[in-house]
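The structure under discussion appears below in the form of structure tokens.
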Amino acid sequence: MPFKILETDILIVGQGLAGTCLAFRLIQKGYRPMVIDQPAISSSSRVAAGMMNPLVFRYLTLSWKAIQALPLAKIFYHEMEAFLKSKFLYDIPVAKLFSETDADLWSRKALLAGFDNFTDGQTHFPFSNDAIHYPFGAGIVCQTVWVDTALLIQEFREFLMDHNLLIQDTLFQQEMLINSDGFRYMAIKAKRVIFCEGFASKQNPLFSFIPFRPVKGELLTLRIPNLGADFIVSKNIFLLPIGNHLFRLGATYDWDDLTGFPTDKGRTYLLQQLAEVLQLPFEVVDHQAGIRPAIADRRPVVGAHPDHSNLYILNGLGAKGVMLAPFLVDQLIDLIEGKGAIDPEIEPGRFIRKSK
Ligand SMILES: Cc1cc2nc3c(=O)[nH]c(=O)nc-3n(C[C@H](O)[C@H](O)[C@H](O)COP(=O)(O)OP(=O)(O)OC[C@H]3O[C@@H](n4cnc5c(N)ncnc54)[C@H](O)[C@@H]3O)c2cc1C
């Protein structure tokens with residue numbers, strides 16, 4: 001018996017944060033994209049802590065495009081909440097615990113344009129010393145947000161399934177036919193294909209010219225009955241309150257082990273860092289690992305394939321995917337609709353130009 005052909009204008013490969021945000025925005029604009037996704041336990045988006053922090057604490061700098069991306073992302077996720085009739089975005093400030101010399105640098109940085117949007121540059125003491133060890137005080141970052149990415153993705157997945165827009169399967173790129181009028185994969189015919197595969201794109205032969213550099217990250221979930229939930233605590237590690245006295249403790253960065261499994265090494269590192277800060281009893285209730293999709297030049301990769309028209313990629317969201325995804329999605333849709341060009345800093349062709 002002949003099988004039924006599924007025709008779509010846009011096929012999205014992958015329903016992590018990138019594919020989810022892209023599909024949502026397209027649906028908002030009146031498109032009817034199909035999504036093909038084979039969920040993986042170690043998918044970055046299911047494991048992510050979900051924080052939106054406009055600052056990079058390691059270098060005390062503003063994160064790339066934070067000024068534009070952060071406000072846009074907040075509006076975007078609020079729109080998703082309204083669409084799905086759900087709640088997954090929470091405002092919560094970050095308390096960055098200072099080392100001996102940090103307070104002075106922090107107060108000077110706070111005078112810089114951009115930085116001053118997010119901190120007053122003062123030294124604060126929001127915790128009791130019986131709870132948190134921080135002899136040099138803390139800088140407070142405002143406008144920071146926690147997005148429950150696992151819930152967001154699960155609820156959007158249910159929406160896609162209810163509307164027959166999801167195919168739960170793996171797309172094997174070698175078996176996708178590229179014709180002059182579009183793409184054919186099994187029973188699917190698509191005019192455009194957009195790869196949002198996360199770190200799995202490292203194996204995608206169509207994008208072998210991109211220097212992917214995925215980074216494994218591990219997180220623990222802790223129960224800390226006596227710690228307040230008013231701040232994300234940050235010092236080398238972060239401690240993020242997620243309700244019911246539960247906190248996410250993260251995260252590790254490992255470029256060598258890309259297995260996707262939690263390790264004793266990761267757990268030991270996180271608990272050692274925690275011991276320098278937390279003075280209260282706690283219990284470990286979960287341990288997860290995921291692989292962040294990142295690129296060697298530490299920028300996302302977004303735009304059209306240099307050789308195949310109507311073939312696109314949205315990847316390299318790195319450690320700031322929650323804040324960046326909506327901003328990047330809008331650039332990509334503008335490109336597809338012929339309304340704008342992609343920032344040369346992030347378009348895929350930059351790697352071809354460099355190698356010539
Ligand atoms: C421990 C940890 C903590 C993090 N914390 C934060 C944080 O606090 N804030 C922040 O902004 N970011 C954080 N991140 C990063 C964030 O998770 C990523 O930036 C983002 O989720 C990446 O989303 P993605 O959709 O590109 O990739 P993924 O989440 O990997 O999604 C890709 C999806 O595509 C599917 N797929 C891949 N290939 C195929 C195929 N060929 N066919 C079918 N399906 C396919 C995969 O199974 C998966 O479902 C963290 C990451 C980790 C690991």
Side-chain angles (χ1 to χ4, degrees), residues 11-23 34-54 63-64 66 69-70 73 77 92 94 144-150 152-154 156-157 166-176 185-186 188 193-207 212 214-221 232 234 237-238 240 242 248-254 258 260 262 266 270 287-295 300-302 313-329:
L11 176 67
I12 297 173
V13 185
Q15 195 233 329
L17 198 59
T20 295
C21 291
L22 178 62
M34 293 290 306
V35 179
I36 180 165
D37 178 81
Q38 184 64 56
I41 293 170
S42 59
S43 122
S44 194
S45 308
R46 284 165 193 274
V47 172
M51 295 174 298
M52 279 202 260
N53 179 359
S63 184
W64 184 76
L70 183 77
Y77 293 117
I92 178 163
V94 178
T144 43
V145 167
W146 169 50
V147 176
D148 186 342
T149 52
L152 174 158
I153 285 168
Q154 184 52 39
F156 192 68
R157 190 174 191 85
L166 183 82
I167 301 159
Q168 183 153 315
D169 207 348
T170 301
L171 181 141
F172 294 99
Q173 303 89 2
Q174 294 88 338
E175 291 170 26
M176 187 174 80
Y185 183 75
M186 305 292 186
I188 310 165
V193 176
I194 308 176
F195 283 97
C196 302
E197 297 176 294
F199 88 103
S201 272
K202 195 171 161 47
Q203 316 299 337
N204 185 335
L206 289 162
F207 294 100
F212 292 99
V215 195
K216 179 172 177 174
E218 296 186 42
L219 285 175
L220 296 174
T221 304
I232 299 169
S234 175
I237 42 95
F238 60 79
L240 163 76
I242 58 171
R248 304 198 84 190
L249 167 65
T252 61
Y253 287 78
D254 189 335
L258 299 178
L270 291 170
H287 184 184
Q288 291 169 289
I291 315 289
R292 303 174 186 90
I295 311 294
V301 59
V302 183
I313 187 165
L314 172 56
N315 205 306
L317 271 54
K320 298 279 183 182
V322 181
M323 183 174 72
L324 289 178
F327 172 75
L328 299 174
V329 156

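Index from 1, following the sequence. Counting convention: from 1, in listed order, for ligands and their atoms alike.
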re atom 27 (O) of ligand 1, the protein heavy-atom contact at minimum distance is Gly198 CA, 3.3 Å
Counting heavy atoms under 4.0 Å, the part of Cys196 that contacts ligand 1 is backbone
The option among Gly50, Ala48, Ser43 carrying the non-hydrogen atom nearest to atom 50 (C) of ligand 1 is Ala48
The answer for which part of Ala319 has a heavy atom under 4.0 Å from ligand 1 is backbone
Among Pro293, Gly217, Gly16, closest by heavy atom to atom 22 (C) of ligand 1 is Pro293
Strictly under 4.0 Å, does any heavy atom of Thr170 approach an atom of ligand 1? yes
Counting heavy atoms under 4.0 Å, the part of Gln173 that contacts ligand 1 is side chain
Show every donor-acceptor pair shorter than 3.5 Å between a side-chain atom in residues 288-295 and any protein atom, with sequence neighbours excluded, or say none if there are none.
unit_1	atom_1	unit_2	atom_2	d
Gln288	OE1	Arg248	NH2	2.4
Arg292	NH1	Lys216	O	3.2
Arg292	NH1	Thr252	O	3.2
Arg292	NH2	Thr252	O	3.0

Looking at Ala49, Gly14, Ala73, the heavy atom closest to atom 34 (O) of ligand 1 belongs to Gly14
Should Thr252 be listed as contacting ligand 1, given a heavy-atom distance under 4.0 Å as the test?
no
Any heavy atom of Val13 under 4.0 Å from ligand 1? The part involved is side chain
Quick note on ligand 1: atoms under 4.0 Å from a heavy atom of Met51 include exactly 7 (C), 8 (O), 9 (N), 10 (C), 11 (O)
of all protein heavy atoms, closest to atom 42 (N) of ligand 1 is Leu171 N, 2.9 Å
among protein heavy atoms, the one nearest atom 2 (C) of ligand 1 is Arg292 NH2, 4.0 Å
N or O pair under 3.5 Å between Ile291 and ligand 1 | no
Among non-hydrogen protein atoms, atom 29 (O) of ligand 1 lies closest to Ser45 OG, 2.5 Å
Going by the 4.0 angstrom heavy-atom rule, the piece of Val322 near ligand 1 is both
In this structure, atom 15 (C) of ligand 1 is nearest to the protein heavy atom Gly318 O, 3.1 Å
Any donor-acceptor pair under 3.5 Å from Glu197 side chain to Val13 backbone: no
closest protein heavy atom to atom 35 (C) of ligand 1 is Asp37 OD1, 3.1 Å
Logged contact type for Glu197 with ligand 1, heavy-atom cut-off 4.0 Å, is both
protein heavy-atom neighbour closest to atom 43 (C) of ligand 1 works out as Asp169 O, 3.3 Å
When distances are taken from atom 44 (N) of ligand 1, the protein heavy atom at minimum range is Gln38 N, 3.1 Å
Note: Ser44, heavy atoms under 4.0 Å from ligand 1, region reported as both
